[in-house]
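Working notes, beginning with the structure itself.
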Amino acid sequence: KGTGESIDAYSGAAVGGLVGLTSADVDSSYSTASVEYGAGLIGINRGTITNSNASGKIVNGAGLVGDNRGVIRDCYTTVHIEDGEGFVRMNSTNAVIENCHSSVVIESKTEGAGFVNYNTGTISKCYATGSLKSSSGWYVAGFAVSNGGTITDSYTTIDIENGDAGFVNDNELSGVIERCYATGSIRVSRDGAGGFVFRNDGTIRRSFATGDIFEETENENIDWVGMLNNISLFYVGGFASVNNKEGVIEMCFATGDIKGRFNHAGAFAGNNKGAINNSYSTGNLKRRVKYLGDSSATASNMLEIGSF
C-alpha cells in the first residue's frame, strides 16, 4: 500500500502514489497519496495491475495510472481531481482495461474526463460516476476526451457542467465504440455539445444517450453570423454534435431534451456529414436557434429501428 501527504513532479514523468514505473505485476494494492503531475497508483504501467485502487487527491493527473501500456483489470478509483481524468490518462495501443470503474469529483480549468483522456487501446466493461465541472468548456466529456481505439460495454452517469459530450469528446477515424451509454446531463455556457459524442469521425454502434442538454447563456445580442462562420462550434445534438464525413453511427438513440440558444440543434445530431443508420431520437427541443438540423449527407432509416 501507499500513503502520503503529497507527491509532486514534472508533467510527463513516471510518478505514482504507489509506484513510478512498473514492468511487473501489481495485485491487491492501494494508495491514498495526494499526487501532483502524476497518477494515484502507478505512473507508467508495462505489466498487469489487478484488484487495486487509489483514493487520493490528484492535481494535473489521473486517478489510477498515467500511461497504461499493459493490462489493468478489476481496479477502481475514488478520487477528487483538479485538471485530469478519473482513471487513466493514456491507454496506449495494445493496452487493455477491463472491468474497472472510477468514482470522481472533477474540477477542471482545461480538459478532463471521467475515465480516460486518450485511448488507442481496448477498454471494456468499465464505467464512471460522479460529477465534472469545467471552467474552459473545451475537451470535457463524461468518459473519454479522445478515442482512437475500441471501447465496448461501458457507460458513464456523470453530470457535466460546461462540457462538450456525455461520453466522448472526439471519436477519431480509427475509433470504435459499441454498446456504451451516457445518462448524465450537460450544461453548456458557450460551446456546442453532444449527449454522447461531440465530434465523430469513427464508428459508433448500439449506443445511447439519455441526458438533457442545457445552454445557459443569457446574452440577447449573440453574433449569429459570426458563429456560423465557425462550423466547428455551436452545433448541439441529443446524441452527436457533429458526425463528420467518415463518421458512422448505427443502431443508436437519444432521449434527452435540448434547451437553450444554439445555431444548429437536432434531437439526435446537430450537424451530419456522414452516415446515421437505424437510429432515433425522442427528446424535445426548446430553443432560440437559427436552424434546426444541418445535414450535408444521408440519414437513412431514422425511424426504422433495428435490433438493439
Q: Take N68 and M90, measure what side-chain contact (heavy atoms from CB on, under 4.5 Å) needs, and give me the verdict at the end.
A: CA-CA 6 Å; N68 180 42; M90 173 72 181; over 6 Å; no

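- Taking every heavy atom of both residues into account, A141 and A144 meet most closely at CB-O, 3.2 Å.
- Ion pair K125/D153 not flagged as a salt bridge, since none of the NZ, NE, NH1 or NH2 atoms sits closer than 4.0 Å to an Asp/Glu carboxylate oxygen.
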Q.
For T156 and F115: C-alpha separation, side-chain torsions, deciding distance, then whether side-chain contact (heavy atoms from CB on, under 4.5 Å) applies.
A. CA-CA 9 Å; T156 175; F115 196 83; over 6 Å; no

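- One N or O on the side chain of T77 and one on the backbone of G86 form a donor-acceptor pair closer than 3.5 Å.
- At least one donor-acceptor pair closer than 3.5 Å links the side chain of D159 to the backbone N or O of S185.
- Salt-bridge formation is not detected for the pair E246/K273: no Lys NZ or Arg NE/NH1/NH2 atom is positioned less than 4.0 Å from an Asp or Glu carboxylate oxygen.
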Q) For N243 and N271, what are the C-alpha separation, side-chain angles and deciding distance, and is it a side-chain contact (heavy atoms from CB on, under 4.5 Å)? A) CA-CA 6 Å; N243 186 42; N271 183 354; over 6 Å; no

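- Between G56 and V79, the shortest heavy-atom distance links the atoms O-CG1, 3.3 Å.
- With contacts defined as side-chain heavy-atom distances shorter than 4.5 Å, the pair V26/S52 qualifies.
- In this structure, the side chains of C100 and Y127 stay at 4.5 Å or more apart for every pair of heavy atoms.
- With hydrogens and angles left out, the side-chain atoms of S134 and N162 include no donor and acceptor closer than 3.5 Å.
- In this structure, the separation between OG on S135 and CD on E161 is 10.5 Å, given to the nearest 0.5 Å.
- At least one side-chain heavy atom of N171 sits under 4.5 Å from a side-chain heavy atom of I204.
- In this structure the side chain of F208 never reaches within 4.5 angstrom of the side chain of C180, judged on heavy atoms.
- At a threshold of 4.5 Å between non-hydrogen side-chain atoms, the residues D25 and I49 do not count as touching.
- The backbone N or O of Y139 sits less than 3.5 Å from a side-chain atom of D164, completing a donor-acceptor pair.
- With rounding to the nearest 0.5 angstrom, the CZ atom of F253 is 10.5 Å from the OH atom of Y181.
- Note: L18 CG to S29 OG = 5.5 Å, rounded to the nearest 0.5 Å.
- Around atom OH of Y118, more than 12 heavy atoms belonging to other residues, nucleotides or ligands sit under 6.0 Å away.
- Summarising the local packing, CG of N51 is surrounded by more than 12 heavy atoms from other residues, nucleotides or ligands at distances under 6.0 Å.
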Q) Are T22 and N45 close enough, and set up right, to give a side chain to side chain donor-acceptor pair (under 3.5 Å), and what steps lead you there? A) CA-CA 5 Å; T22 182; N45 174 48; 5.1 Å; no

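- Distance check, rounded to the nearest 0.5 Å: CG of D74 to CG of N99 gives 4.5 Å.
- In this structure the side chain of T129 never reaches within 4.5 angstrom of the side chain of H101, judged on heavy atoms.
- To the nearest 0.5 Å, atom NZ of residue K133 and atom CZ of residue R187 are 11.5 Å apart.
- Put simply, Y76 and V35 are part of two different groups of oily side chains (I, L, V, M, F, W, Y) that touch within less than 4.5 Å, one to the next.
- No side-chain donor-acceptor contact under 3.5 Å links T157 and T183.
- In summary, of the residues considered (V65, I42, T50), a side chain to side chain contact (heavy atoms under 4.5 Å, CB included) with I72 occurs for V65 alone.
- Taking CD of E178 as the start and OG of S154 as the end, the distance is 11.5 Å to the nearest 0.5 Å.
- Taken together through direct or relayed side-chain contacts under 4.5 Å among Ile, Leu, Val, Met, Phe, Trp and Tyr, L285 and V188 form part of one hydrophobic cluster.
- In plain terms, the two heavy atoms of C126 and I123 that are nearest each other are SG-CG2, 3.8 Å.
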Q.
What verdict does the side-chain contact (heavy atoms from CB on, under 4.5 Å) test give for I213 and V236, after you've listed the backbone C-alpha separation in whole Å, the side-chain angles of each residue and the deciding distance to 0.1 Å?
A. CA-CA 8 Å; I213 300 175; V236 178; 4.0 Å; yes

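- Side-chain atoms of D257 come within 3.5 Å of backbone N or O of N284 as a donor-acceptor pair.
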Q.
Between S92 and D67, does the side chain to side chain donor-acceptor pair (under 3.5 Å) criterion hold? Intermediate values first, please.
A. CA-CA 7 Å; S92 301; D67 184 352; 2.8 Å; yes

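- For the pair I249 and N277, the minimum side-chain heavy-atom distance is 4.5 Å or more.
- Closest approach of Y235 and G270 over heavy atoms only: CD2-O, 3.7 Å.
- With respect to the salt-bridge test (charged N to carboxylate O, under 4.0 angstrom), the residues R205 and E250 qualify.
- Here the side chains of F167 and I151 are in contact, with some heavy-atom distance below 4.5 Å.
- Across every non-hydrogen atom of A193 and G163, the tightest pair is CB-O, 4.1 Å.
- Between R73 and E98 there is a salt bridge, since a side-chain N of the basic residue sits under 4.0 Å from a carboxylate O of the acidic one.
- Taking all atoms of both residues into account, the shortest heavy-atom contact from G17 to A33 is CA-CB, 4.0 Å.
- The main-chain N or O of E111 is found under 3.5 Å from a side-chain atom of S108 such that the two form a donor-acceptor pair.
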